[in-house]
Novice: 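Input: one structure, supplied below.
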Protein chains: 2
Amino acid sequence: MATYQADGWEILGDPSRRAIVECLAVRPRAVGELADELPISRPAVSQHLRVLKDAGLVEDEAAGTRRVYRLNPAGVSALRDQLDMFWRRTLEGFQEIVEEEDEEKS
Amino acid sequence: MATYQADGWEILGDPSRRAIVECLAVRPRAVGELADELPISRPAVSQHLRVLKDAGLVEDEAAGTRRVYRLNPAGVSALRDQLDMFWRRTLEGFQEIVEEEDEEKS
DNA sequence: ACGAACGGTAAGCTACGACTTACCGATGCG
DNA sequence: CGCATCGGTAAGTCGTAGCTTACCGTTCGT
């Protein structure tokens, strides 16, 4: 896999990209369909799809003159894990502090 | 709370900010200490801390001439929840697709 | 075989975010 | 009291991510 994980956060840091992911989560779509639902142009969508594809988050499939994109299960869960790692590392040392604070969450 | 959640992803999208959070997770620190451990200047750290504070992720406490920052448990878990919501929404509709794919990995 | 639909790519513009230097107020110490 | 340390703020620079328009190749339909 030459997925070359671009840090995860960089990828989902962009709102348009998150929208695309959420959109594809509902069901696979062609590029034009995505562009219709988003406030950006079709080329912009194409560029985002490229990033998502490089990250292994989506895969594409030719369907006639159209190109249908869908989420890639493996890529999605890989990214999810990567982000979870951050939280794990953070909350790990952080746990002690929380315990000191005890009841703080109102 | 006028925390005004700046979308979560925007906040942790920046590597320096993530580094600060991880750093504070270990133990509270003064601004200068943070600047020493990071490859950026002290004012830059200050600006990041501002963002993190506005987001309710950290809280500060005056200690003499120094100002000690620490993670805010409530803010951290709130942010975590917010990000989890994205995953939940995404994976929800996505689940069906995964089941269709069944064994597709490898 | 021609025209239309679809989508990827190139080139260029723009806006914004991160960083720096410079300055200032506040606090602690001799 | 000055003097030094610490940190927040202002102002300005710079890089880059995201967007658009324009163009081109490919595929389907008739």
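Numbered from 1 within each chain, the chains take letters A, B, ... in sequence-line order.
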Novice: If you look at every heavy atom in Leu38(B) and Ala19(B), which pair is closest and at what distance?
Specialist: CD2-CB, 3.7 Å

Novice: Both Thr65(A) and Arg67(B) contact DNA chain D. Taking the nearest nucleotide for each, which residue is further toward the 5' end?
Specialist: Arg67(B)

Novice: For nucleotides 15-18 of chain D, tabulate all protein N/O to nucleotide N/O atom pairs closer than 3.5 Å, reporting atom names and distance.
Specialist:
residue: dG18(D); atom: OP1; partner: Asp14(A); partner atom: OD1; Å: 3.2
residue: dG18(D); atom: OP1; partner: Arg17(A); partner atom: NH2; Å: 3.3
residue: dG18(D); atom: OP2; partner: Arg17(A); partner atom: NH1; Å: 3.2

Novice: Could you check how far CG of Leu49(A) sits from P of dG7(C), rounded to whole Å?
Specialist: 10 Å

Novice: Arg50(B) near the nucleic acid: base, sugar-phosphate alone, or nothing, with a heavy-atom cut-off under 4.0 Å?
Specialist: sugar-phosphate

Novice: Taking only Lys NZ, Arg NE, NH1 and NH2, and the carboxylate oxygens of Asp or Glu, determine whether Arg66(B) and Asp60(B) approach each other closer than 4.0 Å.
Specialist: no

Novice: Between Ser41(A) and Arg42(B), who's closer to the 5' end of DNA chain D by nearest nucleotide?
Specialist: Arg42(B)

Novice: What is the distance, rounded to the nearest whole Å, between atom CG of Leu52(B) and atom P of dG7(D)?
Specialist: 16 Å

Novice: dT9(D) C1' sits how many Å from Lys53(B) NZ, rounded?
Specialist: 14 Å

Novice: Look at all strands and tell whether Ala62(B) reaches a base, only sugar-phosphate, or nothing, counting heavy atoms closer than 4.0 Å.
Specialist: nothing

Novice: Between dA18(C) atom C1' and Ile11(B) atom CD1, what is the distance in whole Å?
Specialist: 16 Å

Novice: Please report, rounded to the nearest Å, how far the P atom of dA26(C) is from the CG atom of Asp60(B).
Specialist: 17 Å

Novice: Taking the basic N atoms (NZ, or NE/NH1/NH2) and the acidic carboxylate oxygens, is any pair closer than 4.0 Å for Asp84(B) and Arg80(A)?
Specialist: yes

Novice: Can Glu33(B) and Arg27(B) be counted as an ion pair, charged N to O under 4.0 angstrom?
Specialist: yes

Novice: Could you state the CG-P distance from Leu38(B) to dT20(C), rounded to the nearest angstrom?
Specialist: 11 Å

Novice: Of all heavy-atom pairs between Arg29(B) and Cys23(B), which one has the smallest distance, and what is that distance?
Specialist: NE-O, 3.5 Å

Novice: Of the non-hydrogen atoms in Gly56(A) and Asn72(A), which two are nearest, and what is the gap between them?
Specialist: O-ND2, 3.0 Å

Novice: Hey, does the side chain of Tyr69(B) come within less than 4.0 Å of dG8(D)'s phosphate (OP1/OP2), counting only N and O?
Specialist: yes

Novice: Does Glu61(A) pair with Arg70(A) as a salt bridge, N-O distance under 4.0 Å?
Specialist: yes

Novice: Of the listed nucleotides (dG8(D), dC19(D), dT9(C)), which one gets closest to any side-chain atom of Ser46(B)?
Specialist: dG8(D)

Novice: Quick check for you: among dG8(C), dC6(C), dG7(D), whose closest atom lies nearest to any side-chain atom of Arg66(B)?
Specialist: dG7(D)

Novice: To the nearest Å, give me how far apart CG (Asp36(B)) and C1' (dG7(D)) are.
Specialist: 13 Å

